[in-house]
Undergrad: 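Below is a structure I'd like to ask you about.
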Number of protein chains: 2
Amino acid sequence: MSSSLTVLEEKLDPRAKRTRHLILTSFQSLLTEKGFDAVSIQDIANHAEINRVTFYAHFSDKYALLEYAVRKAFISEIEKRKLDLCNYSPENLRTMILTVCEFLASIHTKCAQPHQQFEPLVEGIIKKQISELLAHWLIKSKLPTELPATVATWAIYGLAFHYSQLKIRPTLEQFVEEAFPLVAVNLEQFASE
Amino acid sequence: MSSSLTVLEEKLDPRAKRTRHLILTSFQSLLTEKGFDAVSIQDIANHAEINRVTFYAHFSDKYALLEYAVRKAFISEIEKRKLDLCNYSPENLRTMILTVCEFLASIHTKCAQPHQQFEPLVEGIIKKQISELLAHWLIKSKLPTELPATVATWAIYGLAFHYSQLKIRPTLEQFVEEAFPLVAVNLEQFASE
DNA sequence: AAATATAAACAACATGTGTAGTTTACTAGT
DNA sequence: ACTAGTAAACTACACATGTTGTTTATATTT
């Protein structure tokens with residue numbers, strides 16, 4: 001968890017950096033405007049003012065671009081709160097739940113038309129990050145962590161997703177207050193280590 | 001939950017029934033052989049010995065077919081164990097966890113190459129069924145059920161998915177013994193109603 | 001500044017998906 | 001048995017995706 005920069009960003013020629021940035025910002029703009037499903041590679045290329053084929057020098061497909069964009073954004077949120085530099089505690093768990101809720105609510109707002117294949121992909125990306133973070137938090141534990149961490153990962157994501165889909169939302173703080181015990185219950189043993 | 005037959009299957013002309021059946025069995029066969037991503041609509045049509053365009057009279061796309069196939073199979077498993085005809089109890093919860101584990105393990109075995117876009121779709125389909133079943137089980141409860149049911153849905157699916165991905169698997173019974181308390185802990189209050 | 005390396009543009013092409021209209025074959029009703 | 005309705009085959013087409021090879025433009029090295 002020490003370095004969030006990917007291979008994608010190391011020692012890049014300035015042209016490639018520029019192009020990648022154009023692709024990313026165009027994608028984000030079109031996502032907001034049209035929704036994931038309606039955005040084509042040609043749309044992205046037009047908006048970024050690059051040749052369509054150039055897209056494939058950077059990303060294998062639209063899904064790879066989504067993964068990159070979402071991961072980058074989420075890791076940024078994790079790092080902003082220093083969640084990657086701490087251990088398990090109820091307070092850190094609460095912050096993580098809150099972060100995921102905020103993130104998903106923001107995605108829900110920003111994406112014009114949630115589509116069948118968009119949300120599951122976002123889920124996969126975020127759950128992987130949550131899972132790695134929990135594994136990191138619990139690394140020193142002498143107790144078996146695998147199943148509790150698995151359940152916690154899915155529960156956190158499930159709750160946050162539920163929150164993001166609510167038509168009438170309670171305040172985030174209120175929601176997290178109710179959600180927290182449902183997750184924390186399976187992680188209690190790790191708080192007293 | 002009383003009727004699992006969909007609109008798709010009511011008052012169908014025999015030709016359409018035949019064609020649908022051909023599509024479904026061809027799909028299942030190709031899924032096993034090539035994996036979801038590698039199967040094209042033309043492949044399915046060839047295997048089923050129908051015209052490719054005819055496919056679209058029945059399913060909007062490959063994903064719609066997957067949803068139909070997986071839902072049908074899963075509902076069949078639920079009905080086999082009469083899980084749709086009971087209420088919440090720890091024993092029924094245990095059976096549900098076991099059923100989902102078995103189902104996902106079988107999918108994992110049957111599908112030649114799990115692909116990025118396949119598993120998330122399966123997940124969406126199965127979670128929806130779990131969620132509806134839990135809602136049905138807890139319908140008479142006077143306590144708030146929404147968040148505990150949400151967490152339980154995701155936890156059940158998460159555990160079953162985890163089990164299906166294990167390279168070295170414990171026995172299913174053993175796994176369910178360990179998994180059960182992690183799910184049941186949030187549903188205890190409903191068992192004593 | 002010139003030479004070399006590399007990213008991006010360009011052109012051409014193959015493949016799969018999805019739509020629309022017409023004709024043929026099968027089913028249901030009389 | 002005949003008629004009307006409907007499912008499937010057929011044809012043609014548009015569109016998006018992804019690959020390949022060549023040329024042009026930009027960045028780095030000498």
Side-chain angles (χ1 to χ4, degrees), chain A residues 5-27 29-31 33-69 112-113 115-118 121, chain B residues 5-27 29-31 33-69 112-113 115-118 121:
Chain A
L5 286 187
T6 64
V7 181
L8 280 183
E9 289 166 330
E10 294 176 352
K11 297 200 172 181
L12 260 197
D13 180 310
R15 290 169 300 183
K17 268 195 182 176
R18 281 201 303 272
T19 302
R20 201 155 290 179
H21 185 256
L22 288 170
I23 291 172
L24 188 58
T25 53
S26 294
F27 179 62
S29 180
L30 290 165
L31 208 50
E33 186 191 317
K34 307 176 75 168
F36 185 72
D37 191 49
V39 177
S40 69
I41 307 297
Q42 188 62 65
D43 292 335
I44 297 167
N46 289 342
H47 195 278
E49 293 182 307
I50 62 166
N51 188 281
R52 178 177 69 81
V53 176
T54 302
F55 178 93
Y56 295 98
H58 295 263
F59 298 101
S60 56
D61 55 31
K62 191 168 69 167
Y63 301 95
L65 173 59
L66 174 67
E67 180 170 343
Y68 175 71
Q113 302 200 55
H115 183 270
Q116 188 177 22
Q117 284 164 66
F118 175 74
L121 289 172
Chain B
L5 287 186
T6 62
V7 181
L8 279 184
E9 289 166 329
E10 294 176 346
K11 297 198 173 183
L12 261 197
D13 181 310
R15 291 170 299 185
K17 271 195 181 174
R18 282 201 303 270
T19 302
R20 201 155 290 178
H21 185 256
L22 288 171
I23 291 172
L24 189 58
T25 54
S26 293
F27 178 62
S29 180
L30 290 165
L31 208 48
E33 185 190 319
K34 307 176 75 168
F36 184 72
D37 190 48
V39 176
S40 70
I41 307 296
Q42 188 63 66
D43 291 335
I44 296 167
N46 289 342
H47 195 278
E49 292 181 309
I50 61 167
N51 186 281
R52 178 179 68 83
V53 177
T54 304
F55 178 94
Y56 296 98
H58 295 262
F59 299 101
S60 55
D61 55 32
K62 192 168 67 166
Y63 301 96
L65 173 58
L66 174 66
E67 179 170 342
Y68 175 72
Q113 303 202 55
H115 185 268
Q116 186 179 21
Q117 283 164 66
F118 174 74
L121 289 171

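Just so we're clear, the structure is a prediction, and the values are computed from it rather than from any experiment. Chain letters run A, B, ... following the sequence lines, proteins first and then strands; every chain starts at 1. Only heavy atoms go into these numbers, but all of them, side chains included; no hydrogens, no water, no symmetry mates.
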Undergrad: Figure out the CZ/C1' separation between B:Phe59 and C:dT17, and round it to whole Å.
TA: 17 Å
Undergrad: Send over the distance from B:Asp61 CG to D:dA16 P, rounded to a whole Å.
TA: 17 Å
Undergrad: On DNA chain C, nearest-nucleotide positions of A:Thr19 versus B:Val53: which is more 5'?
TA: A:Thr19
Undergrad: Between A:Arg15 and A:Arg18, is there a side-chain heavy-atom distance shorter than 4.5 Å?
TA: yes
Undergrad: Both B:Asp13 and B:Arg52 contact DNA chain D. Which one's nearest nucleotide lies toward the 5' end?
TA: B:Asp13
Undergrad: Measure from the side-chain heavy atoms of A:Pro14 and tell me the nearest of D:dA9, D:dA27, C:dA9.
TA: D:dA27
Undergrad: To the nearest Å, give me how far apart CG (B:Asp43) and P (C:dG16) are.
TA: 8 Å
Undergrad: Which residue, B:Tyr63, B:Phe59, B:Phe27, forms the side chain to side chain contact (heavy atoms under 4.5 Å, CB included) with B:Tyr68?
TA: B:Phe59
Undergrad: If I take atom CZ in residue B:Phe55 and atom P in nucleotide D:dA9, what distance separates them, rounded to the nearest angstrom?
TA: 13 Å
Undergrad: Do you see a donor-acceptor pair shorter than 3.5 Å between the side chains of A:Asn51 and A:Thr54?
TA: no
Undergrad: Picking from A:Arg52, A:Lys62, A:Lys34, what satisfies salt bridge (Lys or Arg N to Asp or Glu O under 4.0 Å) with A:Asp43?
TA: A:Lys34
Undergrad: Within this structure, what is the NZ-to-C1' distance between A:Lys17 and C:dA8, rounded to whole angstrom?
TA: 18 Å
Undergrad: With the side chain of B:Tyr56 defined as its heavy atoms from C-beta on, choose the nearest nucleotide among D:dA8, C:dA8, C:dT17.
TA: C:dT17
Undergrad: Can you check the A:Glu49 CD to C:dC10 P distance for me, whole Å?
TA: 12 Å
Undergrad: Examine D:dA27: is either OP1 or OP2 under 4.0 Å from a nitrogen or oxygen in the side chain of A:Arg18? Give yes or no.
TA: yes
Undergrad: Are the side chain of B:Ser26 and the backbone of B:Leu22 linked by a donor-acceptor contact shorter than 3.5 Å?
TA: yes
Undergrad: Base, sugar-phosphate or nothing for B:Asn51? Non-hydrogen atoms, less than 4.0 Å.
TA: base
Undergrad: From CD1 of B:Ile44 over to P of C:dG16, roughly how many Å is that when rounded to an integer?
TA: 13 Å
Undergrad: May I ask you to verify if any side-chain N or O of A:Ser40 is less than 4.0 angstrom from the OP1 or OP2 atom of D:dA16?
TA: no
Undergrad: Ignoring backbone atoms, establish whether A:Thr54 has a side-chain N or O less than 4.0 Å from OP1 or OP2 of C:dA9.
TA: yes
Undergrad: Find the distance B:Gln42:CD to D:dC10:C1' and express it as a whole number of Å.
TA: 13 Å
Undergrad: Side chain of B:Arg15 only, please: which of D:dT19, D:dG5, C:dA7 is the nearest?
TA: D:dG5
Undergrad: Any side-chain N or O of B:His58 under 4.0 Å from OP1/OP2 of D:dA7?
TA: no
